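Keep in mind it's a predicted model, so treat the numbers as computed, not measured. Letters A, B, ... are given to chains in the order of the sequence lines, protein chains preceding strands, and every chain is numbered from 1. Hydrogens, waters and symmetry mates play no part in the numbers below; they use all other heavy atoms, side chains included.
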Amino acid sequence: MEATTDQLVSIEKPAITAPPDWEPVIIGILCNWCSYAGSDLTGTSRLQYPPNIRIIRVPCSSRVDPWFLVKSLQTTADGVLVSGCHPGDCHYISGNYYARRRFLVTKNLLNFLGFHEDRVQFSWVSAAEGPKFAKVVAKVTEDVKKLGPLHLYKKENFSK
Amino acid sequence: MARVGVFVCFCGANIADYVDVPQVVEEVKKIREVKYAVEYKYMCSDPGQQMIRDAIVNNRLTSVVVAACSPRMHEKTFRKALSDAGMNPYLLEVANIREHSSWVHQKDKKAATEKAMDLCRMAVAKSIANEQLFEISVPVTKRALVIGGGIAGIQAALDIADARIPVVLVEKSPSIGGKMAQLDETFPTLDCSQCILTPKMVDVASHPFIELIPYSEVLELQGFVGNYKAKIRKKASYVNFKTCTGCGACWQKCPVKVPNEYNMGLDKRRAIYTPFPQAVPNKPVIDAEHCTMLQKGKCGICAKVCQPGAIDYTMQDEVIEREIGAVVVATGYDLWDPKPYEEYGVGRFKDIITSLEFERMVSANGPTNGVPVRPSDGKVPKNVVFIKCIGSRDEAKGIEYCSKICCMYTTKHTILLHHKVHDSHSYVFYMDIRAAGKGYEEFVHKAQVDTHATYLRGRVSKIYKKGDKLMVRGEDAQIGQVVEVEADLVVLATAVTSPHDNPELARLLGISYDKHGFLSEAHPKLRPVETAKAGIFLAGCTQAPKDIPETVAQASACAAKVCGLFAGDTLKKDPMISTVNTEFCSGCQNCVNVCPYGAIVTDEVPFGHGSKEMRTVAKINEGVCQGCGSCVAICRSMAINLAGFTDPQIINEIVSI
Amino acid sequence: MSFSTYITDQAGLRKFYEALVNTMETYAPVEKFGRYDFKKVATVDECDPDSPIAATQSIKPLYFPRSAKVMKYTATSAGTEVSETDGDPLAVKRAVIGVKHCDARGLQVLDKVYNWDYIDTDYQQRRLNTILVSARCDRAGTHCFCTSLDYDVENLDAADIAIVNGGDGKIYLSARTQKGEDLMKSGVAGHLSGVTDGSEAAPMKKQFEDFSASFRLKMDYAEVNGNLSKIFDSPEFENVSANCVSCNTCAFICPTCHCFKISDEKIRDTGVRYKSYDSCNNGYFTLMAGGHNPRPVKYRRWRQRAMHKFVYYKERFGENLCVGCGKCTIACPVNISIFEVVNQVALAPVEE
Amino acid sequence: MDYTNQIREIATKLFAEGKIDVFVGYRTTGFDGNQVPVLINGPGEADRLVFTDQSVFNLVNYLKHEHTRRKRVGLVVKGCDSRSLNLLLTEGQVKRENLYVVGIACEGVVDEKGEKLQNCTECVVPDPVVADVVLTPAGIRAGTPAPAVPKPYNVNPDVEKLLALPLAERTEYFEEIFESCIRCNACRHSCPLCYCAKCCIDQETATLYHGANTTSSAFHALVTWSLHLAGRCVDCRNCEKACPRGLPLHLLHKQNEQVIYRNFQEHLAGVVEGDRGAFYKYSLRDPDDFIM
């Protein structure tokens with residue numbers, strides 16, 4: 001089947017077909033107060049989601065320096081999810097607003113440089129949104145799985 | 001080299017059923033820095049903690065990783081175990097293999113196990129970069145500031161002061177008492193509002209630990225928990241409270257008449273006035289806006305009649321400073337202006353009044369001495385229509401929330417009307433009757449039986465005038481028909497809104513507020529009286545609409561929080577806060593700009609070793625910093641780091657997956 | 001011992017290049033973003049052997065790469081396993097064409113330091129396996145001053161095979177080393193005719209004379225070198241370095257700068273140790289672990305750069321650590337010329 | 001555009017009045033019409049100063065050097081330069097009272113071939129936003145308050161062209177850039193806004209993570225660096241001119257600038273006094289649709 005123009009436009013280089021048993025690694029950077037608590041709620045509610053995500057806890061989405069995303073994509077991750085409190089709900093009053101600006105620019109820049117836009121995704125997940133967290137992780141995992149392994153600008157000693 | 005101990009928990013079957021724990025232990029043993037790894041049934045149990053303590057001592061561990069449930073659950077438990085073994089508690093990392101692995105990947109043991117291994121590896125890598133941290137002690141000024149002198153502020157101030165902690169009570173108006181002082185009787189017991197409130201007001205005035213500053217407002221709050229400095233503006237009252245005896249000669253003689261706020265403008269007060277007879281302090285103030293002496297320099301009667309000579313027309317606003325350790329915000333509420341209900345003729349028809357106006361009328365000390373009358377002609381009304389949810393639960397015209405108290409006070413009003421005008425009849429248009437509370441449902445039920453009030457479920461669509469009557473057209477949803485009621489008086493149960501100046505207050509206090517202007521609590525369930533800013537607490541309707549018992553309960557809770565805060569001589573604070581490496585700080589002050597708490601100030605350091613020339617750098621105020629890390633991520637020079645979440649720690653996690 | 005010389009024309013030279021490219025791995029200047037860098041080429045068309053000196057990166061990276069893997073290691077509780085890195089891609093048999101003579105000359109200077117004290121075997125291996133085909137320029141560039149330095153520019157022995165424009169469409173290819181001679185004999189020069197009568201000497205001499213007459217920049221090396229060694233404390237260093245932006249570019253593109261730093265990149269248990277370029281113009285270059293920095297200010301770093309190039313290296317190895325290629329001047333964002341710097345400092349009137 | 005005489009006069013006068021210790025301007029190198037920055041220490045050297053449409057380098061860069069730190073400095077700024085100066089003032093790196101700013105009502109500068117530079121053709125604020133005096137074709141006018149009326153915003157054709165390419169082709173293009181980068185950090189050092197004592201892209205600062213001089217490390221360094229300049233970059237292109245590999249670094253900055261301009265209330269760096277850049281403030285109306 002031939003790819004449509006739209007697909008062509010968004011196919012990453014190099015388009016490598018993943019080995020059959022390949023599973024993507026997603027790094028999830030979650031704020032402690034909303035999204036991490038939400039992910040805990042997903043656990044306590046026993047809601048199942050794909051096991052590809054590795055969660056890193058930070059106090060607030062505003063703690064997330066864009067170079068964490070770059071570093072993740074360059075080393076171990078095939079995709080990154082950053083999640084924080086909904087606008088207005090920030091435990092630290094305004095952190096997520098600053099973060100939101102940085103994320104938009106970072107996401108656009110990475111896409112400009114050749115990363116598919118689904119490699120870096122963001123979500124607002126509140127402490128009450130356990131089901132949403134499960135959905136978000138499922139979506140990110142599926143998106144990244146479709147894209148295949150990430151090879152752009154990987155560190156040389158990357159192997160897994 | 002780092003020596004890490006890893007303790008993997010079975011959590012009974014919670015983890016062990018879905019994660020191959022022994023395999024995880026085998027895997028982490030392969031990590032170079034891991035010198036000890038073990039699994040156990042319940043790591044959080046006493047024997048489990050003992051294992052950790054023993055291993056720390058026996059294996060000279062430099063950091064500890066516990067792979068178990070969420071760190072939000074047992075981080076504190078395990079930190080304590082580390083402390084007990086003589087290790088710095090912040091050398092602990094928790095790998096969350098229960099909420100993040102075993103519970104969410106129950107169908108795939110292999111994947112869950114692999115994920116658990118990765119999570120352990122990440123925690124080990126992070127723990128290697130962990131540093132010893134020490135709790136921060138902050139000295140405390142044991143004095144509380146209560147903003148607002150309504151029932152919430154009064155209760156909080158009294159409770160705190162009773163614990164022998166000095167309180168500064170700031171009230172905007174000339175007297176404390178707030179909205180409750182305007183009420184006649186209170187639901188559901190119908191006890192007299194004044195009777196239960198005024199003793200408390202008097203207590204406030206006479207309490208040795210309360211400094212009451214009426215007719216004033218907070219201008220500025222600087223500092224941090226335990227160490228705030230408040231600037232308070234005392235508005236010029238033009239009356240020297242020290243010499244004034246409160247005899248009342250001045251206001252009796254004052255020729256200027258002004259609508260009386262206390263009575264909702266239904267009668268007049270003078271330009272020099274005490275808001276109401278039981279006011280505390282019972283000293284008059286001059287309303288400068290209306291005083292002819294202050295406006296035009298003519299009159300001066302009050303000064304002439306004042307025997308103690310307490311009138312001082314030259315008085316200026318005065319700004320005073322108080323050092324305080326905690327703040328209770330109790331600024332109460334405003335009532336929603338029903339103007340948008342044009343179809344009701346609000347503003348056009350004099351005989352449509354608000355509930356608080358009705359409340360004043362039926363109050364014995366009100367403008368009509370307790371008899372409800374029609375504002376248009378002064379006649380006593382026979383048919384009164386009460387309309388609920390004016391503004392409340394109305395996204396189109398008002399606000400979407402329920403104001404919570406209107407159902408109950410409207411019920412009370414039907415009773416009061418029945419008491420005052422025996423041959424009257426009440427009609428109540430309502431959407432729902434929300435009577436959740438002790439004795440509330442019974443109260444509503446009793447009122448319906450006693451007063452024979454007609455309850456009509458439905459919205460009023462229009463009010464128009466017919467003769468001197470008001471015709472209220474609405475729907476009775478229960479019979480599915482349009483009904484029209486001929487009313488002498490219509491009473492609107494207007495919604496409770498946040499005080500209009502709450503946003504401004506929130507900004508000066510550095511706390512947040514919601515889209516309706518109500519101040520935000522730190523956690524809707526578990527921290528309902530704290531704000532996100534340490535040392536600032538919320539009482540009463542400033543946080544959300546609530547009735548008197550709830551308000552009083554919250555105020556007492558605030559007092560308990562304040563007393564708890566002041567229990568020691570110093571405050572202990574989580575050390576996971578930002579630190580500045582002044583060597584690399586370039587002094588751009590972007591962090592100062594971004595910090596939501598104003599926790600970053602500037603400092604001067606020498607340019608180089610021994611240099612006399614100074615340069616500006618950032619400095620974290622340890623007491624204020626809450627550890628959000630906003631400053632860390634925006635610091636281009638990488639001069640700021642957040643203890644517990646440093647760049648090396650996070651990068652170690654990323655690269656060790 | 002003398003090696004053979006061949007005569008040809010532009011077409012023959014190109015054929016020779018083509019033969020080289022077909023015979024072995026060949027590196028040549030390839031244009032990208034308006035600048036040239038030596039890259040592996042599959043055909044002569046990809047490259048421009050006559051690339052302008054100003055826009056061309058030196059051949060240093062072919063011997064001393066920007067970042068070389070020193071080792072790879074895996075550290076687990078079972079112990080640390082160090083593995084040599086995979087085969088050195090730069091140590092295979094290869095030829096480099098389009099080299100300027102100053103570049104080739106730079107390698108001779110570098111040889112000294114790489115054969116001293118610690119013998120860098122990687123460098124030696126790369127050097128041994130590489131055939132340098134260098135051309136002498138016909139005209140000096142704006143910032144060139146190679147003839148001003150204390151070595152025999154006429155001597156082309158830095159290259160294995162030297163190419164000189166003999167005028168009248170004639171081009172001379174002469175083998176200068178045994179390596180070069182062997183290559184020429186191996187067949188790549190099959191289409192060329194050898195010169196046996198010594199007739200190349202006169203045109204080559206003339207080309208050199210024309211070349212050396214084309215220099216804008218000339219200095220008295222002996223005086224500069226002599227003065228510099230005496231004026232360490234000259235305030236002039238501060239003036240000449242005033243508009244330097246401390247950007248390090250000069251060192252990174254210099255054919256003779258050879259300072260490096262060691263860094264690790266680690267993922268999980270596996271790490272790679274790299275040896276990468278560093279620059280003495282970098283403020284952190286001399287920062288010590290305890291926080292002391294002997295060269296915290298710009299002029300001290302510039303002094304170090306000038307003195308190392310024109311005095312210290314000379315004292316130790318008998319060679320000047322600058323070959324006069326002028327690349328640094330062109331690359332410099334504010335066009336600071338090391339020629340001007342050393343002249344200005346060395347010839348500034350000394351205050352009594 | 002030739003203000004050589006006026007600048008010499010101003011510099012001489014400033015030195016004579018004792019208002020400055022050093023003057024930062026341009027001089028010719030004597031060949032190719034090439035101009036380089038020069039720091040003048042006294043009125044005697046004022047005749048070395050020139051200013052023409054070849055005065056390209058953003059001299060604000062020199063305000064971060066130790067040479068000018070303790071001194072009162074006179075300097076020449078064009079429109080874009082003045083925006084970077086504005087940022088340095090806001091970020092407390094220089095004190096306004098120590099500066100005498102000679103603004104140029106810039107008509108655009110040219111490259112070696114005499115062609116107007118791309119950033120000049122796209123320039124939004126050609127008039128200096130900070131200046132004591134402004135040299136205009138009509139004569140000298142007082143500099144403050146400078147009328148900073150941005151011209152219509154121009155998107156960068158290079159960025160747009162790349163954005164229209166399929167992802168893989170774009171990647172190929174950028175891979176060559178990152179592969180060519182030699183991590184000399186000339187870009188960072190020639191940037192007027194990169195004054196940090198410790199830079200995130202200095203190999204020294206993160207030896208464990210991106211210390212090497214490889215393509216992947218160059219990617220990391222340039223991306224991080226451009227994000228630190230996002231919302232601050234004034235498009236003077238000092239970095240691009242400094243790059244010894246000729247890399248089109250403006251692509252990164254322009255891409256960020258365009259995203260910021262489009263999404264954050266048409267934010268332009270350094271135009272408004274006191275504005276710290278797009279990342280140091282926020283609006284409740286910022287786009288949220290890219291977040292799940």
Proximity breakdown for V58(A) and chain B, heavy-atom pairs closer than 4.5 Å: both

Chain B contact via I27(A) - which portion, at a heavy-atom distance below 4.5 Å: side chain

Partner chain A: residue of R98(B), Q626(B), K533(B) with the largest heavy-atom pair count (under 4.5 Å): Q626(B)

Among the listed options I634(B), L642(B), D108(B), V632(B), the residue most often paired with chain A at heavy-atom distances under 4.5 Å: V632(B)

Which of I29(A), V64(A), I56(A), T42(A) touches chain B most, by non-hydrogen pairs under 4.5 Å: I56(A)

Interface residue of largest heavy-atom contact number with chain B, from G28(A), S39(A), C31(A), under 4.5 Å: S39(A)

Ring centroid separation Y36(A) to H100(B) under 6.0 Å: yes

Y401(B) ring center within less than 6.0 Å of H516(B) ring center: yes

Inter-residue atom distance L508(B).CG - Q222(B).CD, 0.5 Å rounding: 10.5 Å

Note: E400(B)-K515(B) ion pair, threshold 4.0 Å (strictly below): yes

Region of N14(B) in contact with chain A, defined by heavy-atom distances below 4.5 Å: side chain

Which portion of R636(B) sits near chain A, non-hydrogen atoms under 4.5 angstrom: neither

N96(A) side chain vs A99(A) backbone, donor-acceptor pair below 3.5 Å: no

Donor-acceptor contact present, side-chain D65(A) to main-chain F68(A), <3.5 Å: no

